[in-house]
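These notes concern the structure reproduced below.
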Amino acid sequence: MKIIEIENGIKIENLEDFEPKHIFECGQCFRWNKQKDESYIGVYNSKVLKVYKKDNDVYFMNTNKDDFENIWAEYFDLDTDYKKLKSDLANMDEYLKKSVEFGHGLRILKQDIYEMMISFIISARNSIPNIKKTVERICEKYGQKIEEFEGKTYYAFPKPKDLAVITEEELKECKTSFRTKYIINTSKKIIEESLKLEELKELNDINLEDKLRAFDGIGPKVSNCIMLFAFYRKNAFPVDVWVKRVMEEFYLDEDMSLNKMKDYGMKLFNPYAGFAQQYLFYYARELGIGKKK
DNA sequence: TGTCAGGTCCTCA
DNA sequence: TGAGGACCTGAC
């Protein structure tokens, strides 16, 4: 991978397996927004980045070589060989083959732990546009201002200490509704127990899931999303309404509880259940598979 | 007006 | 274990 420095950014020529639309619209992140010129602007680690693809080259703007190498290469999982991964998945069965072809430029982002915890708590019984709006309101109200970029002010995601000290009434102004107490309780637990979220990376999958589910508002689905998108646990398998639909449409003849479906998926797609889930989710949601007419 | 959206929690059998 | 209801809000 050759990093070419350009004015206010860097360019990577012939970057394969990288489609901004697939990456940012597969439901794994809530802070990346499509611009009029088809580029995406997002925030991570108190940095604002603009990404777009032109021919086979990918441009990362408002950054520099140092930040790209130290922050963004890791964030975009650029060290992983997606060609091999996709080939392994495509060989498992015909539905995965179709899903992988459909979302060929998808990558799993390595995102912030606390941000994923709160964002996916908000995702419960909610729609993606609403989740994004709510997350944005929280950042504007409680996050640190980063910078003005292309006419918009960007804010970092707040820290646990910021949301642990506010009242439910106050947070509700961000339209967090019945999830308000979950957000505050989870933030309080982190502060009161002096938890270092980074240290949870040492835990194995089973203990990590137990630890996450001890937080208010984090159940089986949300914990697995956090494991996949913040801890990069390749075999986590979040079962949401779309994965349920695609599993029932393609893989199951019998009724199955969500819990059993999770175990079933993890065994079926081992050791890449998380990746399989993401390709299947994107395929199912974009095509409306299994959705009631 | 009713239904549904990337669920979780609580209660009860 | 797991089934069933409640839960905010916004969009269609």
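Lettering follows sequence order; numbering is per chain, from 1.
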Could you list the donor-acceptor pairs under 3.5 angstrom formed by side chains in residues 4-15 of chain A, with sequence neighbours left out?
none

Would you give me the side-chain donor-acceptor pairs under 3.5 Å for residues 206-220 of chain A, sequence neighbours excluded?
unit_1: A:Asn207; atom_1: ND2; unit_2: A:Asn204; atom_2: OD1; d: 3.4
unit_1: A:Glu209; atom_1: OE1; unit_2: A:Lys262; atom_2: NZ; d: 3.2
unit_1: A:Glu209; atom_1: OE2; unit_2: A:Asn224; atom_2: ND2; d: 3.4
unit_1: A:Glu209; atom_1: OE2; unit_2: A:Lys262; atom_2: NZ; d: 2.8
unit_1: A:Asp216; atom_1: OD2; unit_2: A:Asn185; atom_2: ND2; d: 2.8

Name every donor-acceptor pair, under 3.5 Å, that has one atom in a side chain of residues 272-289 of chain A and the other anywhere in the protein, sequence neighbours excluded.
unit_1: A:Gln277; atom_1: NE2; unit_2: A:Pro238; atom_2: O; d: 3.2
unit_1: A:Gln278; atom_1: NE2; unit_2: A:Cys26; atom_2: O; d: 2.7
unit_1: A:Arg285; atom_1: NH2; unit_2: A:Glu25; atom_2: O; d: 3.0

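Residue A:Arg179 is in base contact, counting any heavy-atom pair closer than 4.0 Å across all strands shown. A:Cys26 comes within 4.0 angstrom of a nucleotide base, judged by non-hydrogen atoms across all strands. Residue contacts shown for A:Pro129 are absent, as no nucleic acid heavy atom lies under 4.0 Å away. Contact annotation for A:Lys221: base contact, defined as any heavy-atom pair under 4.0 Å involving a base atom.
Here the closest heavy-atom approach between residue A:Cys174 and residue A:Arg137 is recorded as O-NH1, 3.3 Å. Taking every heavy atom of both residues into account, A:Cys29 and A:Trp32 meet most closely at SG-CD1, 3.8 Å. Of all non-hydrogen atoms in A:Tyr154 and A:Phe149, the two that sit nearest each other are CE1-O, 3.6 Å. Residues A:Leu228 and A:Ile108 approach most closely at O-CG2, 3.8 Å, considering heavy atoms.
No donor-acceptor pair closer than 3.5 Å links the side chain of A:Asn45 to the backbone N or O of A:Lys47. Checking side-chain atoms of A:Thr176 against main-chain N and O of A:Arg179 turns up no donor-acceptor pair under 3.5 Å.
Stem regions for DNA chain C, each three or more consecutive Watson-Crick or G-U pairs with both distances under 3.5 Å and listed by first number, read B:2-5 with C:9-12, B:7-13 with C:1-7.
Rounded to whole Å, atom P of C:dG10 lies 14 Å from atom CD1 of A:Ile131. In this structure, A:Ile118 places its CD1 atom 17 Å from P of B:dG7, rounding to the nearest Å. The distance from atom CD1 of A:Ile183 to atom C1' of B:dT8 is 13 Å, rounded to the nearest whole Å. The CZ-C1' distance, from A:Arg213 to B:dC9, rounds to 11 Å in whole Å. In this entry the distance linking NZ of A:Lys172 with P of C:dT9 reads 8 Å, nearest Å. What separates CD1 of A:Ile122 from P of B:dT8 is a distance of 14 Å, to the nearest Å. Put simply, CZ on A:Phe215 is 21 Å from P on B:dG7, counting in whole angstrom units. Atom-to-atom, CG of A:Leu171 to P of C:dC8 comes out at 13 Å; the value is rounded to the nearest Å.
Using P as the reference atom, B:dT11 and C:dC8 are 16 Å apart when rounded to the nearest Å.
Listed by chain and residue number, nothing satisfies the side chain to side chain donor-acceptor pair (under 3.5 Å) test with A:Glu140 (two or more places apart in sequence, or in another chain). With sequence neighbours excluded, no residue forms a side chain to side chain donor-acceptor pair (under 3.5 Å) with A:Asn56. The ring-ring contact (aromatic ring centres under 6.0 Å, His included) search around A:Tyr75 returns A:Tyr44, A:Trp72, not counting sequence neighbours. Partners of A:Tyr142 by ring-ring contact (aromatic ring centres under 6.0 Å, His included), not counting sequence neighbours: none found.
Applying the salt bridge (charged side-chain N to carboxylate O under 4.0 Å, His left out) test to pairs two or more places apart or on separate chains, those with a residue in residues 182-199 of chain A are A:Lys189-A:Glu193, A:Glu198-A:Lys201.
Distance from the side chain of A:Val222 is smallest to B:dT8 among C:dT9, B:dT8, B:dA5.
Within a heavy-atom distance below 4.0 Å of DNA chain C, no residue of residues 223-234 of chain A is found. Residues from residues 105-115 of chain A that place a heavy atom under 4.0 Å from any atom of DNA chain C: there are none. For the contact set between residues 250-283 of chain A and DNA chain C, defined by any heavy atom under 4.0 Å, the members are A:Ser257, A:Lys260.
Checked against a 6.0 Å centroid threshold, the rings of A:Phe60 and A:Tyr52 do not count as neighbours.
For the pair A:Arg245 and B:dA5, the criterion of a side-chain N or O lying under 4.0 Å from OP1 or OP2 is met.
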